[in-house]
Amino acid sequence: MNGKRLIIPALLVLLLMFMSAGAYAGEAENLTGSCKIGLCKSKRTAVRMTDGQYTTYWESEKIKNPYVTITSDKPVYGLYLCFRAMPEHYEIQAGSGSDKWTTVCDGDTRYWHVFYPLDGVKKIRIIADGDKKCVLGFNELFVFGEGEVPGWVQRWKEPAEKADVLFLVAHPDDELIFLGGAIPTYAVEMKKNVVVAYLSWSNTTRRSEALNGLWEMGVRNYPVFGGFSDTYSSKAADAYKKIKGGKKAVLGWVTGLFRTYRPEVVVTHDINGEYGHGQHKMIADAAINCYDAAADGTQYTDVPGAWQVKKLYIHLYGDETNRTAFDWTVPLESMDGRTGLELASAAYSLHKTQATASVKIRGKWHKLSVEETGSMYPNTAFGLYRSEVGDDVTHLDFLENIN
């Protein structure tokens, strides 16, 4: 009887310890709304970067050492920055006293969305540390307490050093509308090394939307942004002319992508630009031209070396009977049974600036969407334009015949 009395309190202690550990392992509290934000010289208010809306932003004037300070009553263990304007150099600093700042870490300029773990500080400063005048700006900024970092907070890895598949598109959201469930299927479900490359980020909000969409689909390797201007024309030739540096600049960039990431397979836009967008046509044309150029080390020597892509797929290319056809409605185990199409649609819903976007097709206006536009220009159909490994037989896999 005495033994039983001893066991019961011991079990209670273990239960309390388990409950305490569970509470500690809970999701970190979002402290952003309770923090005091201090700003350098600016015409904008802090709320523009703490309202959860990526379509609004805060930006400093062009000055030396622009900064943002954050003061919290509770210890801060995480800082998530979504940049609009990034200086060449910046630091994350911890404050003590009125004017004393200690550098916690150098800013990571590789990623426009970046998370910094912190050690319970209560005063933080993000400051550009160069000697030149510059601008500091954020679409959003988040501050977290102790605990598990929320799943929506992006902690990017670098692009794959060696790609199985390079998905090459013109603008943010093209990878969703016209490629359907390809990216989550290959990058997440099949665990292939995937690089997603955009000719243009269009604007800083759409760049953030692209990152949010990719993260929603389970992608963890950072994409490549070309940084070219987003312009409209109906012809590829005109699209080249509107780019700074013209055709040479675009072909040089695409050749550099092929040589840097050495993809086995490249997948890109329709030669006819889907609904006729000149930059879509231009990207398809560039992929075709660079297929051989990238393998010729005497061309575009700004990016040394040479790489032979093994297969080039173009959206909607060729005869329907000889295309690679996909079913993006297959549940993906790695994404809890969500389909590739569902993931693409969920990612597109994060492109808030495109919520009312539409395009005139055959004299009628159509709202852009993964479902409607992706059905009019089937995002399941791709033709093999070039191959170094023979023709496809099954027409079910971009990586068919690739060892």
Side-chain angles (χ1 to χ4, degrees), residues 48-49 53-59 82-86 110-113 135 137-140 154 156 159 166-179 183 195-217 219 222-236 238-246 249-250 253-254 257 268-270 273-287 315 344-360 365-370 373-374 377 379:
R48 289 172 171 265
M49 63 175 163
Q53 304 296 318
Y54 288 83
T55 51
T56 61
Y57 64 91
W58 172 86
E59 190 173 84
C82 303
F83 280 91
R84 170 184 168 82
M86 185 187 296
R110 295 173 299 170
Y111 311 130
W112 289 88
H113 288 188
V135 176
F138 301 100
N139 283 340
E140 284 302 311
Q154 297 160 27
W156 291 101
L166 168 66
F167 292 108
L168 175 61
V169 296
H171 318 103
D173 79 17
D174 289 336
E175 80 283 13
L176 309 173
I177 295 172
F178 303 116
L179 303 184
I183 292 173
V195 172
V196 182
Y198 303 91
L199 170 81
S200 171
W201 60 54
S202 294
N203 58 55
T204 59
T205 299
R206 292 191 68 186
R207 179 179 59 208
S208 280
E209 291 172 343
L211 294 173
N212 293 344
L214 291 174
W215 190 266
E216 171 68 21
M217 292 193 295
V219 176
Y222 199 72
V224 179
F225 293 106
F228 293 97
S229 57
D230 180 0
T231 63
Y232 184 81
S233 62
S234 60
K235 296 180 180 179
D238 292 336
Y240 278 123
K241 291 176 183 177
K242 291 183 177 183
I243 291 289
K244 184 178 180 179
V250 176
W253 177 69
V254 174
L257 285 177
T268 194
H269 280 289
D270 173 22
E274 282 83 29
Y275 55 83
H277 199 304
Q279 286 198 326
H280 296 192
K281 296 178 182 180
M282 181 181 74
I283 282 296
D285 180 75
H315 186 214
S345 184
Y348 188 75
S349 72
L350 299 177
H351 288 247
K352 303 296 185 182
T353 58
Q354 304 306 294
T356 59
S358 59
V359 63
K360 197 172 187 177
W365 286 97
H366 295 266
K367 184 179 178 181
L368 286 171
S369 70
V370 172
T373 320
Y377 303 95
N379 54 31

With under 30° as parallel and over 60° as perpendicular, where do the rings of F178 and Y377 fit, or are they tilted in between? perpendicular
Name the orientation class of the two ring planes belonging to H351 and Y348 (parallel below 30°, tilted from 30 to 60°, perpendicular beyond 60°). parallel
Nearest atoms (heavy-atom pairs only) where [X] meets [Y]:
X    : Y    : answer
A286 : V254 : CB-CG2, 3.9 Å
G278 : A239 : O-CB, 3.6 Å
R48  : W58  : CB-N, 4.0 Å
M217 : A344 : SD-CA, 4.0 Å
S349 : A346 : OG-O, 2.5 Å
M86  : Y111 : CE-O, 3.2 Å

How long is the straight-line distance from [atom2] of [Y] back to [atom1] of [X], given to the nearest 0.5 Å?
X    : Y    : atom1 : atom2 : value
F83  : E59  : CZ    : CD    : 12.5 Å
L176 : I183 : CG    : CD1   : 6.5 Å
I243 : M282 : CD1   : CE    : 4.5 Å
L350 : L211 : CG    : CG    : 11.5 Å
S202 : D173 : OG    : CG    : 8.0 Å

side-chain contact (heavy atoms from CB on, under 4.5 Å) for H113 and W156? Distances and angles first, verdict last. CA-CA 8 Å; H113 288 188; W156 291 101; 4.1 Å; yes
Check: [X]/[Y] side-chain N/O donor and acceptor closer than 3.5 Å:
X    : Y    : value
E209 : T353 : yes
T373 : H366 : no
Y198 : E175 : yes
N139 : Q53  : no
D230 : S200 : no

Student check: side-chain heavy atoms of [X] and [Y] closer than 4.5 Å:
X    : Y    : result
L368 : S358 : no
W253 : F228 : yes
V169 : H269 : yes
Q154 : N212 : yes
V195 : P223 : no

Centre of W112's six-membered ring, under 6.0 Å away, within 45 degrees of the axis: is that where NZ or CZ of R207 sits? yes
When you measure from the centre of the six-membered ring of F138, is the NZ or CZ of R84 under 6.0 Å away and within 45° of the axis? no
According to salt bridge (charged side-chain N to carboxylate O under 4.0 Å, His left out), does anything in residues 276-285 pair up with another residue at least two apart or in another chain? List the pairs. none
Could you please spell out the steps behind the side-chain contact (heavy atoms from CB on, under 4.5 Å) verdict for N379 and I177? CA-CA 7 Å; N379 54 31; I177 295 172; 5.9 Å; no
Pair S233, K242 - check side-chain contact (heavy atoms from CB on, under 4.5 Å), show working. CA-CA 9 Å; S233 62; K242 291 183 177 183; 4.0 Å; yes
Begin with the C-alpha distance, continue with both residues' side-chain angles, and end with the deciding distance and a verdict on side-chain contact (heavy atoms from CB on, under 4.5 Å) for L168 and L257. CA-CA 9 Å; L168 175 61; L257 285 177; 3.9 Å; yes
Looking at H171 versus H280, is the centre-to-centre ring distance below 6.0 Å? yes
Ring centers of H277, Y232 separated by less than 6.0 Å: yes
